[in-house]
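Okay, so here's the structure we're looking at.
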Amino acid sequence: MTTIYIDEELNLDKTHFKTMEEFQLYLMMQEKEQIKDYSLSEAHKKIIDDRVAEADANPDNYVTYQEFKDSFKKK
């Protein structure tokens, strides 16, 4: 048996697993259940704002999201 130590506090509800696969699945499910607050950096917000402004200034150079989706159905 090998003992592994992790310094980070994991707060696991379950601490005994039959296989490594079971442990991995448990960790993936724990990760899914955690609420994450994702937010864009100011640099990314600026990129989006610039692209929206460009699209608004040149509407003939772009397709709508619906047009884009519909283009896949035609093929």
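- Taking CZ of Arg51 as the start and CD1 of Ile48 as the end, the distance is 8.0 Å to the nearest 0.5 Å.
- Under the 4.5 Å side-chain heavy-atom criterion for grouping Ile, Leu, Val, Met, Phe, Trp and Tyr, Val52 is not connected to Tyr65 through any hydrophobic cluster.
- Cluster annotation: Ile6 is connected to Met20 through the hydrophobic network of ILVMFWY side chains, with a link wherever side-chain heavy atoms come within less than 4.5 Å.
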Donor-acceptor list for residues 53-62 side chains, cut-off 3.5 Å, not counting sequence neighbours:
| from | atom 1 | to | atom 2 | distance (Å) |
| --- | --- | --- | --- | --- |
| Glu54 | OE2 | Tyr62 | OH | 2.8 |
| Asn58 | ND2 | Glu54 | O | 3.4 |

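- The side chain to side chain contact (heavy atoms under 4.5 Å, CB included) test applied to Glu67 returns Val63, Thr64, not counting sequence neighbours.
- Evaluation of the salt bridge (Lys or Arg N to Asp or Glu O under 4.0 Å) rule for Glu8 yields no partner, not counting sequence neighbours.
- No continuous path of hydrophobic side-chain contacts links Phe17 to Leu25 [ILVMFWY only; heavy atoms under 4.5 Å].
- The side-chain hydrogen bond (donor to acceptor under 3.5 Å, both in side chains) analysis of residues 9-27, with sequence neighbours excluded, yields the pairs Lys14-Glu22.
- Other members of the cluster containing Tyr5 do not exist, because no ILVMFWY side chain is joined to it at under 4.5 Å.
- Atom NZ in Lys45 sits 6.5 Å away from atom OG in Ser39 (nearest 0.5 Å).
- Listed by chain and residue number, Lys46 satisfy the salt bridge (Lys or Arg N to Asp or Glu O under 4.0 Å) test with Asp50 (two or more places apart in sequence, or in another chain).
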